[in-house]
**Q** 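Structure incoming, see below.
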Amino acid sequence: MREEILNILREKAPQPVSGQDLAHVLGITRTGVWKHIQSLKKMGYQIEAYTKKGYVLTGIPDKLLPEEIGAVLHTAFLGRHICYEEQVQSTNEILKKLAVSGADDGTLCVAEEQTGGKGRLSRGWFSPYGKGLWFSLLLKPSFLPQEAPKMTLLAAVAVVRAIRECCGVNAMIKWPNDVLLEGRKLVGILTEMSAEFGHINYLVVGIGINVCVPRDMVPENLRDSAISIADVAKKPFTRVQLLGRVLDYFEEYYQQVLKEGFQPIFDQWRVYSTTLGRMVKVISPDKTYLGTAVDIDEDGALMVRKEDGTVEKVLAGDVSIRPATGTGKYEFR
Ligand code: BT5
């Protein structure tokens, strides 16, 4: 009901809508309307009440409220169920719990702040209040568990396309799970899976996007390697708009994958890759070597041609990839 009132006010703004009309359309009393208006105001919506004219929506809160996300989404199933929290430890962890208790395919968990945001290999992810998009998506795909790491590449392509479109900046993908802007880390992606032999129970794809983290708020050890969109954005945009576009692209690519496999995603990935053609240093648990990143293969693995001409297949999760020389802005740990 609250969402319906909001949608009517949104559609009519800046014209007022009378309490009587709202009550009539929604089949509730005027007091009922007034109560919903009060609860919207508590959520941060600015609604003016003019005697004899009615209510006017004059401002929306800068929050990732489900009502706002729903209003910009074009998806069929992704983000149609939303778990929104002001503060969580980690949206991936919340969503894993929800998955176990039967949450729907496509559920989105989004928070204003994470107190224990996670990267790979128990690293942390800095996620301050209201300054980014910290969210996770629950998926129950029909493909085999060995395909799951490719979802990280899909997420990267969706994020890059949305950021480029909404913010007018040249975000690039660094294999396997980062999006960079001007050589610094803008986005991190963490895909987790629950599976049995030959069957995925669920995937949780967690995405962290630095939208407007002020430089002096960034922890000192990340200041040279991290960046926010607002540091270089060429267009005004809101976090909700950007999130909506990410989900739109994500669903479009995901549906394509379920029909055609990952090949079209790899083609897109190559277009936005900053890794291919570059000298890289591969640091795996048992060896370290230099080489040129030449391509990704059908598993989404990075193919690295070593100095002796042989080509090594590098799987995500096994290694750290760094620029081979220089100070290497894209050296994150
Ligand atoms: C990642 O790991 O890049 C995956 C990050 C995924 C975060 C999302 S947020 C929503 C969801 N919920 C979660 O709990 N996680 C996901 P990795 O490649 O291991 O990189 C982690 C490293 O990035 C850290 O060790 C830092 O060096 C650096 N880092 C941490 N926070 C950062 C930030 N906000 N911006 C840029 N770099 C950061």
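In listed order, ligands and their atoms are each counted from 1. What you see below is based on every heavy atom in this structure, not just the backbone, and it leaves out hydrogens, waters and symmetry mates.
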**Q** What are the atoms of ligand 1, with element, lying closer than 4.0 Å to any heavy atom of Thr91?
**A**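 Near Thr91, meaning under 4.0 Å from one of its heavy atoms, ligand 1 has 10 (C), 11 (C), 12 (N).
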**Q** For Lys118, take its heavy atoms, then give the atoms of ligand 1 lying under 4.0 Å from any of them.
**A**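 By the 4.0 Å cutoff, the relevant atoms are 5 (C), 6 (C), 7 (C), 13 (C), 14 (O), 15 (N), 16 (C).
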**Q** Using a 4.0 Å cut-off to any heavy atom of Leu222, which atoms of ligand 1 qualify?
**A**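 It comes down to these atoms of ligand 1: 26 (C), 27 (O), 28 (C), 29 (N), 30 (C), 31 (N), 32 (C), 38 (C).
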**Q** Can you tell which of Ile207, Ile189, Asn221, Asn210 gets a heavy atom nearest to atom 4 (C) of ligand 1?
**A**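 Result: the heavy atom closest to atom 4 (C) of ligand 1 is in Ile189.
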**Q** Between Tyr45 and Glu67, does any side-chain donor sit less than 3.5 Å from a side-chain acceptor?
**A**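 Distance-only check fails for Tyr45 and Glu67.
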**Q** Give the atoms of ligand 1, by number and element, whose distance to some non-hydrogen atom of Gly208 is under 4.0 Å.
**A**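 Answer, ordered by atom number: 8 (C), 9 (S).
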**Q** Just which atoms of ligand 1 are under 4.0 Å from any heavy atom in Ala226?
**A**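 Taking each heavy atom of Ala226 in turn, ligand 1 has 35 (N), 36 (C) under 4.0 Å.
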**Q** Counting each atom of ligand 1 from 1 as listed, which ones have a heavy atom of Ser136 under 4.0 Å away?
**A**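 Listed by number with element: 11 (C).
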**Q** Just checking, Arg270 and Phe266: is the charged tip under 6.0 Å from the six-membered ring centre and within 45° of the axis?
**A**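 No, Arg270 and Phe266 do not form such a contact.
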**Q** Honestly, is Lys306 close enough over Tyr289, meaning NZ or CZ under 6.0 Å from the six-membered ring centre and within 45° of the axis?
**A**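 Yes, cation above the ring, under 6.0 Å and within 45°.
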**Q** Any N or O on Trp134 sitting closer than 3.5 Å to an N or O of ligand 1?
**A**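 Trp134 vs ligand 1: no N/O contact under 3.5 Å.
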**Q** Please identify each residue that fulfils salt bridge (charged side-chain N to carboxylate O under 4.0 Å, His left out) with Lys41, with sequence neighbours left out.
**A**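 Salt bridge (charged side-chain N to carboxylate O under 4.0 Å, His left out) check on Lys41 returns nothing, list empty.
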**Q** Out of all atoms in ligand 1, which are within 4.0 Å of some heavy atom of Gly124? Include the element for each.
**A**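 Close to Gly124: 21 (C), 24 (C), 30 (C).
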**Q** Pairing donors with acceptors under 3.5 angstrom, does anything connect the side chains of Asn177 and Thr152?
**A**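 No - no donor-acceptor pair under 3.5 Å links their side chains.
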**Q** Which is closest to atom 20 (O) of ligand 1 in terms of heavy atoms, Arg223, Glu93, Arg120, Lys185?
**A**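 It is Lys185 that holds the nearest heavy atom.
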**Q** Is it the case that Ser90 and Asn92 place a side-chain donor and acceptor less than 3.5 Å from each other?
**A**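 Side-chain D/A pair, Ser90 to Asn92: absent.
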**Q** Among the heavy atoms of Leu121, does any lie under 4.0 Å from an atom of ligand 1?
**A**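 It does not; every heavy atom stays at 4.0 Å or beyond.
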**Q** Give the atom numbers and elements of ligand 1 that come within less than 4.0 Å of a heavy atom of Gly117.
**A**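 In order of number, 14 (O).
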**Q** I'd like to check the side-chain contact (heavy atoms from CB on, under 4.5 Å) partners of Thr75; sequence neighbours left out, ordered by chain and number.
**A**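 Once residues adjacent in sequence are excluded, the partners of Thr75 under the side-chain contact (heavy atoms from CB on, under 4.5 Å) criterion are Leu73, Leu78, Arg80, Leu247, Asp248, Glu251.
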**Q** Between Ser228 and Asn210, do the side chains contain a donor N or O and an acceptor N or O under 3.5 Å apart?
**A**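 There is no such pair between these side chains.
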